[in-house]
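The structure displayed is predicted, hence computed values, not measured ones.
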Amino acid sequence: MSRTSTHRGRRWARRCAALATALLVLVTLPAASTADGAGGADRDRGRAKTVPGRAPADNVILLIGDGMGDAEITAARDYSVGAAGRLALDTLATTGRRTTFSVDERGRPVYVTDSAAGATAWATGRRTVNGRVSKTPGTNRPLPTLLEKARRHGYATGSVTTASVADATPAALTAHVTDRSCKGPADMAECPADTRAAGGAGSVVEQTVAARPDVLLGGGADHFAQTVTDGPYRGRTVLEQARAAGYQVVRDRAELAAARTDRPVLGLFAPDYLPVEWTGAPAAPGGTAPQRCAVRNPARPGGTPTLAESTRAALGQLTARRDRATGKGFLLQVEGASIDDRAHEADPCGQIGETLAFDRAVAVALAYAAHHPRTLVIVTADHGHATQILPDDARPAGLSTTLVTDEGGRMLLGYATAGPGGTQEHTGVTVPVAARGPLAHRVLGLRGNTELFGTVCAALGLR
């Protein structure tokens with residue numbers, strides 16, 4: 001072979017090698033970088049930059065639809081935007097499934113979880129017994145939570161809910177109690193070892209104030225009105241304890257909007273749960289006449305912020321607390337609590353209205369992430385619920401109702417896990433999980449609910 005032929009051969013080999021390298025780079029790009037397609041945060045503001053020594057994400061927004069399984073999502077979608085429509089939560093293309101089981105005190109699977117054990121799973125990375133909040137199943141010892149770890153690493157933290165801020169799902173981030181019922185100092189009957197008198201950390205609200213999240217919004221004013229029975233705040237209310245810790249207390253939409261950003265915010269918008277947004281006739285034996293839902297609840301005070309408004313306010317407060325030196329942002333959990341509460345009562349209009357209220361909060365989170373691409377948004381549920389979508393000519397044995405949807409169809413919903421006057425039950429199904437942003441690909445496939453803990457820790461660089 002001539003020298004010229006040899007030279008040409010080498011040039012050809014170099015070109016082939018370069019082409020192979022380029023193709024290898026293309027096919028090994030992380031799935032999360034393109035999975036969201038048109039409308040994703042990467043397209044809107046450019047890809048989030050990876051900086052050596054810096055965590056993949058600056059912020060994490062974890063949105064929990066309590067009791068929001070596939071049937072509950074589908075009912076809300078069909079009623080509002082139609083069978084072929086899409087909700088905001090449907091626009092996250094990186095999706096997977098999560099198992100939801102809890103365990104007994106010996107660690108054996110219990111196939112249907114409650115919200116306390118469900119929230120403990122992602123808050124601590126460990127499964128526990130139903131009713132327990134962020135404590136081990138066998139030894140009843142406290143487990144470190146995402147919020148506690150985030151605070152130690154210099155992140156701002158927040159929790160928003162439509163329940164009491166002392167309810168099971170928000171409590172899993174801020175407290176450790178043997179039983180979820182131990183919300184205030186007067187509620188400690190099921191938690192004798194957790195009382196301050198016994199050397200424990202006290203009720204959920206006492207521990208939550210001590211955990212000092214930067215933003216805490218929801219209901220639960222009655223729990224904060226209870227009097228502390230032991231410790232340095234003995235004889236004072238938990239609300240006084242919160243004010244002594246520097247919290248500014250807000251009671252309605254206007255006060256929330258006026259809250260300062262240099263002090264932590266405690267929003268108490270109802271005595272316990274916030275009143276739901278929609279109302280209608282509950283499901284009944286033999287069904288109901290076809291109905292449309294009333295989209296304004298007269299029992300809901302006019303100044304009550306929506307979940308979307310509280311989420312937007314929380315994001316504003318937390319963004320103002322960003323550590324400019326380190327780039328560290330925040331961890332925020334947002335719960336749509338009354339999807340579950342209304343499904344327990346076989347109240348389809350209340351349930352659908354709360355699902356759509358939650359979806360609007362998801363839209364707020366996605367809009368924020370579009371302008372802050374180093375934000376990981378995760379949307380999921382703690383467990384499924386009792387809702388069934390049935391053929392409109394079915395005659396179910398349990399409770400049912402017929403809704404006339406926005407697109408003019410008739411949708412029959414059934415609830416059959418309890419009879420008239422009973423409480424509908426959770427179900428042990430897997431639930432959807434969807435994500436957008438840094439490490440979104442970690443939700444792909446079927447995974448345990450405990451794995452969300454590792455995903456959030458990895459995103460924020462929590463050890």
Open item on the list: Between Ser338 (side chain only) and Asp341 (backbone N and O only), is there a donor and an acceptor less than 3.5 Å apart?
Closed with: no
Open item on the list: My understanding is that only one of Met68, His344, Arg342 makes a side-chain contact (heavy atoms from CB on, under 4.5 Å) with His385; could you say which?
Closed with: His344
Open item on the list: Quick one about Ser80 and Asp406 (side-chain donor to acceptor, distance below 3.5 Å, no hydrogens or angles considered), yes or no?
Closed with: no
Open item on the list: Does either side chain, that of Tyr273 or that of Asp167, offer a donor lying less than 3.5 Å from an acceptor on the other one?
Closed with: yes
Task: Between Asp78 and Thr405: side-chain donor-acceptor atoms closer than 3.5 Å - done: no
Open item on the list: If we count only N and O atoms by modelled type, under 3.5 Å, do the side chains of Glu190 and Thr178 hold a donor and an acceptor together?
Closed with: no
Open item on the list: Could you walk me through whether Arg360 and Glu309 satisfy the salt bridge (Lys or Arg N to Asp or Glu O under 4.0 Å) test, starting with their C-alpha distance in whole Å, then the side-chain angles of each, then the deciding distance to 0.1 Å, before giving a yes or no?
Closed with: CA-CA 9 Å; Arg360 289 189 288 274; Glu309 289 170 336; over 6 Å; no
TODO: Considering non-hydrogen atoms only, spot the tightest contact between Cys293 and Leu403 and give its length.
DONE: SG-CD2, 4.3 Å
Open item on the list: Tell me whether Arg77 is salt-bridged to Asp359, with the criterion being a basic N under 4.0 Å from an acidic carboxylate O.
Closed with: no
Open item on the list: Tell me whether Thr91 contacts the main-chain N or O of Ala88 through its side chain, where contact means a donor paired with an acceptor under 3.5 Å.
Closed with: yes
Task: Distance-only polar pair, side chains of Thr113 and His383, donor-acceptor under 3.5 Å - done: no
Task: Expected output: side-chain Gln207 to main-chain Val204 donor-acceptor under 3.5 Å - done: no
TODO: Establish, from distance only, whether the side-chain atoms of Thr169 and Glu335 form a donor-acceptor pair under 3.5 Å.
DONE: yes
TODO: Scan side-chain atoms only and decide if Glu72 and Thr355 contain a donor-acceptor pair under the 3.5 Å cut-off.
DONE: no
Task: Gln424 side chain to Thr417 backbone, donor-acceptor under 3.5 Å - done: yes
Task: Donor-acceptor contact present, side-chain Tyr155 to main-chain Leu460, <3.5 Å - done: yes
- [ ] Would you tell me whether Asp340 and His426 have side-chain atoms, one donor and one acceptor, within less than 3.5 Å of each other?
- [x] yes
Per-pair distances, 0.1 Å, donor-acceptor, side chain in residues 409-416, under 3.5 Å, sequence neighbours excluded:
unit_1 : atom_1 : unit_2 : atom_2 : d
Tyr415 : OH     : Gln351 : OE1    : 2.9

Open item on the list: Against the six-membered ring of Tyr247, is Arg263 placed for a cation-pi contact (under 6.0 Å from the centre, within 45° of the normal)?
Closed with: no
- [ ] Determine yes or no for a side-chain-to-main-chain donor-acceptor pair under 3.5 angstrom, with Asp179 supplying the side chain and Arg132 the backbone.
- [x] no
Task: Charged N-O contact under 4.0 Å between Asp262 and Arg321 - done: no
- [ ] Indicate whether any N or O donor in one side chain lies under 3.5 Å from an N or O acceptor in the other, for Thr261 and Gln317.
- [x] no
TODO: Using a strict 4.0 Å threshold on nitrogen-to-oxygen distance, state whether Glu206 and Lys183 make a salt bridge.
DONE: no
Task: Electrostatic pair Lys328-Asp323, nearest N-O below 4.0 angstrom - done: no
Task: Donor-acceptor contact below 3.5 Å, side chain Thr162 vs main chain Ala337 - done: yes
Open item on the list: Before you tell me yes or no, could you show the steps for Asn449 and Thr100 under side-chain hydrogen bond (donor to acceptor under 3.5 Å, both in side chains), namely the whole-Å CA-CA distance, both residues' side-chain angles and the distance that decides it to 0.1 Å?
Closed with: CA-CA 6 Å; Asn449 51 2; Thr100 59; 5.8 Å; no
Open item on the list: Going by side-chain hydrogen bond (donor to acceptor under 3.5 Å, both in side chains), name the residues that satisfy it together with Asp272, two or more places apart in sequence or in a different chain.
Closed with: none
Open item on the list: Using modelled atom types and a 3.5 Å cut-off, is there a donor and acceptor pairing between side-chain atoms of Thr319 and backbone atoms of Leu315?
Closed with: yes
Task: Asn130 side chain vs Val112 backbone, donor-acceptor pair below 3.5 Å - done: yes
Task: Short side-chain to backbone donor-acceptor contact, Arg127 and Ala121, under 3.5 Å - done: no
Open item on the list: Side chains of Thr311 and Tyr368: any donor to acceptor distance under 3.5 Å?
Closed with: no
TODO: Applying side-chain hydrogen bond (donor to acceptor under 3.5 Å, both in side chains), run through Ser134 and His176 and close with a yes or a no.
DONE: CA-CA 5 Å; Ser134 294; His176 311 267; 4.8 Å; no
